[in-house]
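Following: one structure in structure tokens, then a few remarks.
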Number of protein chains: 2
Amino acid sequence: MQQSVYEALKKGISSARYAPGAHLREIHIAEELGVSRTPVREAIRRLGGEGWVELLPNRGARVTQWSMRDIEEIFEARALIEPWLAGQAALRATPAQIDELEALALKMQDMFHAEGAAAIVDRWFEANKAFHDQIAAAAGNRRLEQSLAAIKDVPLIRWTFATFGDGDHMRSIREHLELVQALRTGERAWAEAIMRCHILAARTSVVRRAEHPEPETET
Amino acid sequence: MQQSVYEALKKGISSARYAPGAHLREIHIAEELGVSRTPVREAIRRLGGEGWVELLPNRGARVTQWSMRDIEEIFEARALIEPWLAGQAALRATPAQIDELEALALKMQDMFHAEGAAAIVDRWFEANKAFHDQIAAAAGNRRLEQSLAAIKDVPLIRWTFATFGDGDHMRSIREHLELVQALRTGERAWAEAIMRCHILAARTSVVRRAEHPEPETET
DNA sequence: TAAATCAAGATTGTATGCACTTATGAAAAA
DNA sequence: TTTTTCATAAGTGCATACAATCTTGATTTA
């Protein structure tokens with residue numbers, strides 16, 4: 001049960017059901033999930049170790065909070081690590097892995113053209129995550145893969161996708177497809193360069209929108 | 001108490017008192033530290049989240065194990081992240097921070113010349129860690145700093161220092177001092193390049209010794 | 001009015017007992 | 001001899017009770 005509590009809390013945090021900065025009260029969670037406090041406490045400790053919540057001695061745990069600076073740090077880290085991983089993937093990815101990546105990229109393309117940006121936010125996020133995760137896995141460095149995951153698999157990043165416009169989606173699709181090409185040729189430098197563009201372009205787009213938040217319209 | 005159990009376990013793991021792969025039995029630890037199983041369980045969960053132990057459902061936890069491949073991955077990751085951090089530190093470190101770094105570098109130099117490699121293994125390790133941590137902190141990216149710490153603050157790395165010979169120590173001292181110089185001038189590219197040399201040289205030294213382990217003599 | 005005090009309630013921390021799962025080693029079967 | 005079976009022991013998972021700590025708001029004091 002500790003396992004399911006752990007997953008429920010993680011889902012709750014990434015869906016912002018438990019808001020950033022919110023105090024997690026053990027009893028409430030326990031009653032909500034129909035278990036005792038013990039597994040809840042253990043799950044919270046684990047999430048504390050992974051950085052999802054802050055553990056405050058004698059005062060429980062609060063959901064980790066994010067600021068503008070966090071966005072910058074995350075993209076800075078991604079701009080460093082992901083290009084390197086892409087480069088390694090160009091050297092080590094198997095044809096089967098590359099095929100899967102291509103399938104994912106094409107799926108995202110179809111999704112977008114068939115339904116438009118607004119309708120696919122969640123599925124787009126998942127597919128995009130799968131694409132990047134697969135590249136990280138193909139690079140063959142478990143540690144960097146996990147570090148990257150710890151850095152970017154946070155609620156904050158899901159949120160940034162909601163700010164993506166049509167132009168961002170189209171650019172992203174193009175870059176994914178080009179990256180697949182680069183991996184297929186095994187050109188390390190090319191793969192690295194595309195991934196760097198990909199991250200930095202996304203960064204700029206997100207930062208610009210965060211600094212000049214537009215009302216609701218988004219074409 | 002959970003806090004002190006957590007620290008005791010972490011210390012126990014990094015000192016290899018709990019060997020890699022060892023099964024952590026809750027009752028033994030609880031009795032050893034004079035507490036009940038509850039805080040032990042919570043501490044173990046936290047260490048699981050941080051990667052110090054593996055959590056096996058219904059079968060407790062075992063201390064994470066390391067292989068040769070792990071050494072390679074760790075140095076690969078360090079060779080990517082630390083030069084970048086050093087470069088950022090060249091741009092952002094305050095004079096006071098640089099002075100502290102210089103003091104640390106000189107301390108390591110004195111230590112080595114006064115007592116020799118064998119006598120200072122532990123203190124050398126600590127000072128070296130402090131040096132690198134301070135640079136990571138000066139770079140101003142909390143996430144990369146923590147990721148790096150998660151990657152390299154493992155028992156395995158302490159062990160690698162035991163294999164350092166006189167030549168390695170002298171090279172290391174020289175590089176630290178040169179890095180301080182680079183930081184003082186604010187030359188990003190220089191700082192980056194030195195740090196890359198520093199990591200790659202250490203990597204080569206460690207890998208070579210791991211592959212051709214010599215008896216005991218070490219000049 | 002503002003600051004300090006303090007007591008009741010809320011919340012977290014720890015110990016303990018029992019249920020359940022996994023590991024073990026001896027006895028039985030092949 | 002080797003494999004299978006199975007009972008016992010060991011260990012983990014969870015619930016509950018109580019202790020310790022923190023939060024609160026009302027009351028007192030300056």
Side-chain angles (χ1 to χ4, degrees), chain A residues 1-67 146 154-155, chain B residues 1-67 146 154-155:
Chain A
M1 277 180 148
Q2 178 250 128
Q3 185 69 21
S4 58
V5 173
Y6 167 79
E7 282 157 16
L9 282 176
K10 211 159 146 181
K11 193 164 291 180
I13 293 172
S14 60
S15 70
R17 219 174 120 257
Y18 303 108
H23 188 179
L24 292 180
R25 262 170 216 107
E26 297 171 358
I27 300 179
H28 293 183
I29 295 166
E31 287 176 354
E32 208 168 284
L33 301 175
V35 299
S36 81
R37 282 172 52 217
T38 307
V40 174
R41 288 176 61 79
E42 294 179 5
I44 287 176
R45 289 302 183 281
R46 209 168 142 195
L47 292 167
E50 292 176 356
W52 289 73
V53 303
E54 261 179 298
L55 301 177
L56 314 169
N58 286 312
R59 300 197 306 156
R62 75 166 44 136
V63 179
T64 307
Q65 299 193 90
W66 313 97
S67 70
Q146 288 183 357
V154 295
Chain B
M1 276 179 152
Q2 178 250 126
Q3 184 69 23
S4 58
V5 173
Y6 167 80
E7 281 156 17
L9 283 175
K10 211 159 145 180
K11 193 165 292 178
I13 293 172
S14 61
S15 71
R17 219 174 120 256
Y18 302 108
H23 187 179
L24 292 181
R25 259 163 278 252
E26 297 172 359
I27 299 180
H28 294 183
I29 295 166
E31 285 176 355
E32 209 168 284
L33 302 175
V35 300
S36 81
R37 283 171 52 218
T38 307
V40 174
R41 289 175 59 80
E42 294 179 4
I44 287 177
R45 289 302 184 282
R46 207 168 144 194
L47 292 167
E50 292 176 355
W52 289 74
V53 304
E54 261 179 297
L55 301 177
L56 314 169
N58 285 313
R59 301 197 304 157
R62 75 165 45 134
V63 179
T64 306
Q65 298 193 91
W66 312 97
S67 70
Q146 288 184 357
V154 295

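Letters A, B, ... are given to chains in the order of the sequence lines, protein chains preceding strands, and every chain is numbered from 1. Since this is a predicted model, take the numbers as computed values, not measurements.
No side-chain heavy atom of M1(B) sits under 4.5 Å from any side-chain heavy atom of E42(B). The shortest side-chain heavy-atom distance between I29(A) and Y18(A) falls under the 4.5 Å cut-off.
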Between protein and nucleic acid, restricted to nucleotides 9-16 of chain C and to nitrogen or oxygen atoms under 3.5 Å apart, what atom pairs and distances do you find?
{"unit_1": "dT11(C)", "atom_1": "OP1", "unit_2": "R25(A)", "atom_2": "NE", "d": "3.0"}
{"unit_1": "dT12(C)", "atom_1": "OP1", "unit_2": "H23(A)", "atom_2": "NE2", "d": "3.2"}
{"unit_1": "dT12(C)", "atom_1": "OP1", "unit_2": "L24(A)", "atom_2": "O", "d": "3.2"}
{"unit_1": "dT12(C)", "atom_1": "OP2", "unit_2": "E26(A)", "atom_2": "N", "d": "3.3"}
{"unit_1": "dG13(C)", "atom_1": "OP1", "unit_2": "N58(A)", "atom_2": "N", "d": "3.0"}
{"unit_1": "dG13(C)", "atom_1": "OP2", "unit_2": "R41(A)", "atom_2": "NH1", "d": "2.8"}
{"unit_1": "dG13(C)", "atom_1": "OP2", "unit_2": "R41(A)", "atom_2": "NH2", "d": "3.1"}
{"unit_1": "dG13(C)", "atom_1": "OP2", "unit_2": "R45(A)", "atom_2": "NH2", "d": "3.1"}
{"unit_1": "dG13(C)", "atom_1": "N7", "unit_2": "R37(A)", "atom_2": "NH2", "d": "2.9"}
{"unit_1": "dG13(C)", "atom_1": "O6", "unit_2": "R37(A)", "atom_2": "NH1", "d": "3.1"}
{"unit_1": "dT14(C)", "atom_1": "OP1", "unit_2": "M1(B)", "atom_2": "N", "d": "2.3"}
{"unit_1": "dT14(C)", "atom_1": "OP1", "unit_2": "Q2(B)", "atom_2": "N", "d": "3.2"}
{"unit_1": "dA15(C)", "atom_1": "OP2", "unit_2": "S36(B)", "atom_2": "N", "d": "2.6"}
{"unit_1": "dA15(C)", "atom_1": "OP2", "unit_2": "S36(B)", "atom_2": "OG", "d": "2.7"}
{"unit_1": "dA15(C)", "atom_1": "O5'", "unit_2": "S36(B)", "atom_2": "OG", "d": "3.4"}
{"unit_1": "dA15(C)", "atom_1": "N7", "unit_2": "T38(B)", "atom_2": "OG1", "d": "2.7"}
{"unit_1": "dT16(C)", "atom_1": "O4", "unit_2": "T38(B)", "atom_2": "OG1", "d": "3.4"}

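When the local axes at the two ends of the helix from dT1(C)-dA30(D) to dA30(C)-dT1(D) are compared, using 5 base pairs at each end, they differ in direction by 20° after rounding to 10°.
The distance from atom OG of S14(B) to atom CG of L9(B), rounded to the nearest 0.5 Å, is 10.5 Å. Rounding to the nearest 0.5 Å places CD of Q3(B) at 5.0 Å from CZ of R46(B).
For the pairing with W52(A), the side-chain contact (heavy atoms from CB on, under 4.5 Å) check across V63(A), V154(A), L47(A) returns one residue only, L47(A).
For the pair R59(B) and H23(B), the tightest heavy-atom approach, listed with the atom from each and the gap, is O-NE2, 3.1 Å. In this structure, V53(A) and A61(A) approach most closely via the heavy-atom pair CG2-CB, 4.1 Å.
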